[in-house]
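Please read these numbers as outputs of a predicted model, since none were measured by experiment. Letters A, B, ... mirror the listed sequences (proteins, then strands); counts begin at 1.
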Amino acid sequence: VATTPTLRAAGDAALVRAVSQGSREAVGELYDRFAPMLLGLARRVVQDPGDAEEVVQEAFLHLWSRASGYDPARSSVATWLALVTRSRAIDRVRNRNVVGRAHAAAQRESEGAHASGDGSARVLDSERRRRVRAELASLPEEQRRVLELGFYSGLTQREIAQRTGIPLGTVKTRTLLAMKKLRAALRAEIRELL
Amino acid sequence: VTESIDREDQAILAALAALEAEAPDEALREGWSGAPGPWKAPNWTEGDETLRRLYVETLGLLGYAGEPGVPRAGARERLLAALGERVRKVEEPEEPGAEVVPLAARRTSAGDPSGDGDEQAAGEVPPRRRSWAGRLAALAAALLLGAALAAVWLSLELQGARDALTRLEAERTDLAERLSRQEALIRRGGQIGEMIAAVATPGVDVCPLHPMGDPPLVPGAYAVLYMPPGSGKWYLLASNLEPAEGVYMVWLDTPGGALPAGVLSAGTESVLELDPARP
């Protein structure tokens, strides 16, 4: 299923609307736009390229079946897909033992690659990625750690407190501080998503 | 300042709640009302919701922190092919030609690697049953609408009938009053006619009275004092008094002073039988 020029020019939310009306081409276009980011996110969570690929497929199948539930007032499409992918990836980590499959998965990955997205989108994503990484890295270690445990490992704040031995109140405080700093630092990137 | 900080913290916690939800997309859609937790604010405002949105997007950006992945060759095509095996959650109206797969088939679909428990919830209704339920609901709605319209129509008709009844009652009352006034006039006219006839009878003592003042206070007024023969009674016939519907006290102007002679009732022409004790 090829992507038409019209779809390529459409906004993310318009594409989700088209998906809700049964457009497979719109799913393809969204895949081209977001699959690299979602694969990166899924891989970081599941630590397995093959599982990451399946997680991303699930996320897009979820999009296909639930597109009518997307509310652009609540989140951007990128965030919506990222949170769904993250949730699926964490479920996969919890439900399956993925340890030991990484080697085989890495071999599968080397079989070939699909180039996705146009050039300008890749540049935009690259810049966004650079900024997010830089700001995440600039956070104090203790703040970044609680944030990453919550986001990439899927731990609740109480679980973070139990695992690290840090008081729950301290975990919350660090999370709040990290979120505030990130939001302030990534203001331009957030605006791009809105 | 303390309150604003608290509210910001609450917005962050509300955004983080989407991470802990089983279905983050539904948690996002439900917004604050769907966010559980002890931080639930009593007066959540549009501004708070906006702040929450900003923090939700901050979380979404964390997806960009990892190395971008490159989909394996054919992954896109496999995804698009798998779409045909999936049935969209039926929230929107059924479209003609849309693929409908029975629920049982969906549950056993080999093309579903996710094992989506949420999409196969026990309470989910198959499309066909939903369609019948929809038709029944539409029929019930149409009947209710019809009943409501009939009630409105009857109410309007009833109100119209009441208005007509009120109008007829007013006209009947008005007619009765006019009839009563006419009968009274006829009765009085009969009496006056008799009196006028009496005044015109030969041998009647007649004393015309003229209005006072120069010019007269009431130019058209006229009165006659007369005594029918053999009656021994004086009568005062007055006409064109103003105001015509008034009640007048009649006084006799005598050398000894004004003496009351009786009350002359209203009318364009009125007759008063004077007190026989008066001269």
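Per-residue heavy-atom pair counts under 4.5 Å with chain B were compared for Leu176(A), Val27(A), Val55(A), and the maximum is reached by Leu176(A). Of the listed residues Gly154(A), Ala73(A), Gly150(A), the one with more heavy-atom pairs under 4.5 angstrom with chain B than any other is Ala73(A). Of the listed residues (Thr50(B), Ile12(B), Leu62(B)), the greatest number of heavy-atom pairs within a distance under 4.5 Å of chain A belongs to Leu62(B).
Looking only at atom types and distance, the side chain of Tyr64(B) has a donor-acceptor partner in the side chain of Arg128(A) under 3.5 Å away.
For Leu16(B), the part sitting under 4.5 Å from any heavy atom of chain A is the side chain, from C-beta outward, and nothing else. Proximity to chain B is limited to the side chain of Arg44(A), based on heavy atoms less than 4.5 angstrom apart. Heavy-atom distances place no part of Ala134(A) under 4.5 Å from chain B, backbone and side chain included.
In this structure, Glu67(B) does not pair ionically with Arg43(A), as no charged nitrogen and carboxylate oxygen lie closer than 4.0 Å. We find that Arg131(A) and Glu189(A) are joined by a salt bridge, their nearest charged nitrogen and carboxylate oxygen being less than 4.0 Å apart. One finds a salt bridge joining Arg33(A) and Asp12(A) here, because a Lys/Arg side-chain nitrogen approaches an Asp/Glu carboxylate oxygen to under 4.0 Å.
Annotation: salt bridge (Lys or Arg N to Asp or Glu O under 4.0 Å) contacts of Asp174(B) (sequence neighbours excluded): Arg178(B). Residues passing the side-chain contact (heavy atoms from CB on, under 4.5 Å) test with Leu139(A) are Leu136(A), Gln143(A), Arg144(A), Leu147(A), Ala178(A), Lys181(A), Leu182(A), sequence neighbours excluded.
Residue pairs satisfying the side chain to side chain donor-acceptor pair (under 3.5 Å) criterion with at least one member in residues 149-162 of chain B, sequence neighbours excluded, are listed as follows: Gln159(B)-Asp163(B).
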Evaluate side chain to side chain contact (heavy atoms under 4.5 Å, CB included) for Gln57(A) paired with His62(A), printing each intermediate quantity in order.
-> CA-CA 8 Å; Gln57(A) 290 263 336; His62(A) 187 85; over 6 Å; no
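Applying the side chain to side chain contact (heavy atoms under 4.5 Å, CB included) test between Ser87(A) and each of Asp91(A), Leu83(A), Thr85(A) identifies Asp91(A) as the sole match.
At a heavy-atom separation below 4.5 angstrom, chain B is approached by Gln157(A) within residues 157-168 of chain A.
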